[in-house]
Undergrad: 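Okay, here's the structure, questions in a sec.
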Amino acid sequence: MDTSTSTDNNKRKLTEDDHQICHPRKHLRIEIPSTIFPSTISDTLSSTTTSPSSLFSAISPPQRDLDHPSSATTCTLQTPALLIAPPISGLYFNPGLEIPADLADSVFTFCMSTYFCNPKINQIMLFTRLSSQSTTSLPPILNRLLDTLFTLLRPHIPVETHNLLFPAASTQARQVILNLYTPGEGIASHVDLLKRFGDGIIGVSLGSGCVMRFARTLAETSTPGEGPARLSIHDEPVNLSDPLSCPESDVDEGVAYNVYLPERSVLVLSSDARYKWTHGIEKRKSDFISCPDCVPDIPSAIKGRWVERGTRLSITYRWLLPGADVVGCDE
Ligand SMILES: O=C(O)CCC(=O)C(=O)O
Ligand SMILES: [Fe+2]
């Protein structure tokens, strides 16, 4: 099952070099209700599970940029990725806001040794469950990360966004998705599933940074005033080899930003950023990022440097919409 061409709904839409198809690595997604953690985890990981739907709505094919040979000192005539938040309503990113190094190391080590021992697995889903019968939760280390995010984010985001991410009393279950990327891998541009996930998404980058691309969907202008649920975004995953199922016309590439998300950084997507902008990661082994001081004599718009990617683990906390609790509800 190679994800670069497969239409199977159950895998991350990785974007890989075609030559890697010769050495296919199976990309498997495992869904783990947090209630089974940790006693049955090894059993769960030893088998491939299926899932009712993809985790995101693919909206455009991945960019097919060639990898650039990495050089820490090269500056070229292309636009480097931003190191700061782009002007997208509802997107919060502050490069000065970092997960503490010891916690980041602990989370990374825990996830790698618990979920990613099998090299065929690059995606894990965990779920909390709303229940009056039992208190179900995430692995303690992922709860600790969430507690840290609560405190870290408070001074950096509006109070209403903080309340969206950390309500006093949850009415929705959380999903936590772990995505593991080796250098050269990415994820197709998408809007997270509208029917499955609510507003308010937190993403953490561990192990390595990468550039994330944000592009505005055209749906806003094609269906004025109809709100997020009516955006012309495909809820079903698309076959990346089939151009007809990847309507680039839904994405306004003219309004797009590349943003470098460093290791230990935190990204929040809410409102417009969650519903009206796609996000994706190009398949690259290195990223061209802003470097305002690297060459004094060229315009700042083209000053940049290449940064190699390492193995990156992203941890994304989202809200499951009512009825979208794929592990059921014991209420
Ligand atoms: O790896 C990331 O930071 C993004 C993952 C993502 O967009 C997703 O799982 O929907
Ligand atoms: Fe996403």
Side-chain angles (χ1 to χ4, degrees), residues 3 9-16 27-31 51 53-60 62 81 88 90-93 99 104 107-108 111 115-116 121-127 145 149 174-215 217 228 231 233-238 251 258-270 272-284 287 309-321 324 326:
T3 54
N9 292 359
N10 303 318
K11 293 152 295 197
R12 185 172 90 213
K13 295 292 183 209
L14 288 163
T15 64
E16 295 180 306
H27 297 286
L28 306 179
R29 188 176 81 188
I30 305 295
E31 300 192 0
S51 161
S53 68
S54 164
L55 62 153
F56 55 75
S57 314
I59 194 166
S60 72
I88 299 176
L91 185 153
Y92 301 98
F93 166 70
I99 305 294
V107 173
F108 189 83
C111 292
Y115 303 119
F116 297 110
I121 291 173
N122 65 2
Q123 188 175 81
I124 293 284
M125 292 183 183
L126 302 166
F127 301 89
L145 179 59
L149 290 166
R174 283 192 199 272
Q175 186 227 47
V176 183
I177 184 163
L178 314 177
N179 281 303
L180 187 69
Y181 304 82
T182 54
E185 292 182 328
I187 189 167
S189 291
H190 64 279
V191 173
D192 286 13
L193 277 174
L194 301 175
K195 291 179 185 161
R196 185 185 283 204
F197 302 111
D199 195 7
I201 295 167
I202 312 173
V204 173
S205 296
L206 297 178
S208 172
C210 77
V211 166
M212 187 170 277
R213 182 172 183 80
F214 299 92
T217 68
L231 287 177
I233 290 166
H234 309 282
D235 266 348
E236 294 307 317
V238 299
V251 175
N258 288 326
V259 182
Y260 185 62
L261 307 178
E263 178 187 7
R264 296 198 279 128
S265 64
V266 180
L267 173 74
V268 171
L269 300 180
S270 65
D272 282 10
R274 187 265 181 267
Y275 292 111
K276 297 179 180 173
W277 290 74
T278 64
H279 55 278
I281 299 170
E282 289 182 20
K283 59 172 186 93
R284 311 186 71 97
D287 291 302
R309 285 190 193 167
T311 298
R312 174 174 179 269
L313 173 68
S314 71
I315 303 184
T316 307
Y317 294 86
R318 307 188 269 214
W319 294 114
L320 278 174
L321 288 173
V326 295

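We count ligands from 1, going down the list as the structure has it; atoms in each ligand are counted the same way.
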Undergrad: Can you find a heavy atom in the side chain of Glu263 that is under 4.5 Å from one in the side chain of Leu206?
TA: no

Undergrad: Identify, by atom number and element, the atoms of ligand 1 in contact range of Ser314, meaning under 4.0 Å from any of its heavy atoms.
TA: 1 (O), 2 (C), 3 (O)

Undergrad: Please identify which atoms of ligand 1 are closer than 4.0 Å to at least one heavy atom of Met212.
TA: 2 (C), 3 (O), 4 (C)

Undergrad: Thr217 side chain to Lys276 main-chain N or O, any donor-acceptor pair under 3.5 Å?
TA: yes

Undergrad: Taking side-chain contact (heavy atoms from CB on, under 4.5 Å) as the definition, give me every residue that meets it alongside Ala273, ordered by chain and number, with sequence neighbours left out.
TA: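 Ala273: side-chain contact (heavy atoms from CB on, under 4.5 Å) contacts with Ile88, Leu91, Leu269.
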
Undergrad: Using only N, O or S atoms, tell me which atom of Asp192 is closest to the Fe ion (ligand 2).
TA: OD1

Undergrad: Report, in ascending order of atom number, the atoms of ligand 1 lying under 4.0 Å from any heavy atom of Ile281.
TA: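 The list of qualifying atoms is 1 (O), 2 (C).
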
Undergrad: Check Ile202, Leu178, Ile99 against Ile315 for a side chain to side chain contact (heavy atoms under 4.5 Å, CB included) and give me the one that passes.
TA: Leu178

Undergrad: I'd like to know whether Phe127 forms a side chain to side chain contact (heavy atoms under 4.5 Å, CB included) with Arg174, so could you lay out the CA-CA distance, the side-chain angles of the two residues, the decisive distance to 0.1 Å, and finally the verdict.
TA: CA-CA 6 Å; Phe127 301 89; Arg174 283 192 199 272; over 6 Å; no

Undergrad: Find all atoms of ligand 1 within a distance of less than 4.0 Å from any non-hydrogen atom belonging to Asp192, and give their numbers and elements.
TA: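 Heavy-atom distances to Asp192 below 4.0 Å select 10 (O).
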
Undergrad: Pick whichever of His279, Arg318, His190, Arg312 has a heavy atom sitting closest to atom 3 (O) of ligand 1.
TA: Arg312

Undergrad: So for ligand 1, is Thr316 a polar contact partner (N or O within less than 3.5 Å, distance only)?
TA: no

Undergrad: May I ask you to list the atoms of ligand 1 that are less than 4.0 angstrom from any heavy atom of Tyr181?
TA: 1 (O), 2 (C), 4 (C), 5 (C)

Undergrad: Among all residues two or more places apart in sequence or in another chain, which pass the side-chain contact (heavy atoms from CB on, under 4.5 Å) test with Ser208?
TA: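 Scan of Ser208 (side-chain contact (heavy atoms from CB on, under 4.5 Å), adjacent residues dropped) gives Arg309, Arg312.
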
Undergrad: Looking only at N, O or S atoms in His190, which is nearest to the Fe ion (ligand 2)?
TA: NE2

Undergrad: Please check this pair: side chain of Arg274 against backbone of Gly198, looking for a donor-acceptor N/O pair closer than 3.5 Å.
TA: yes

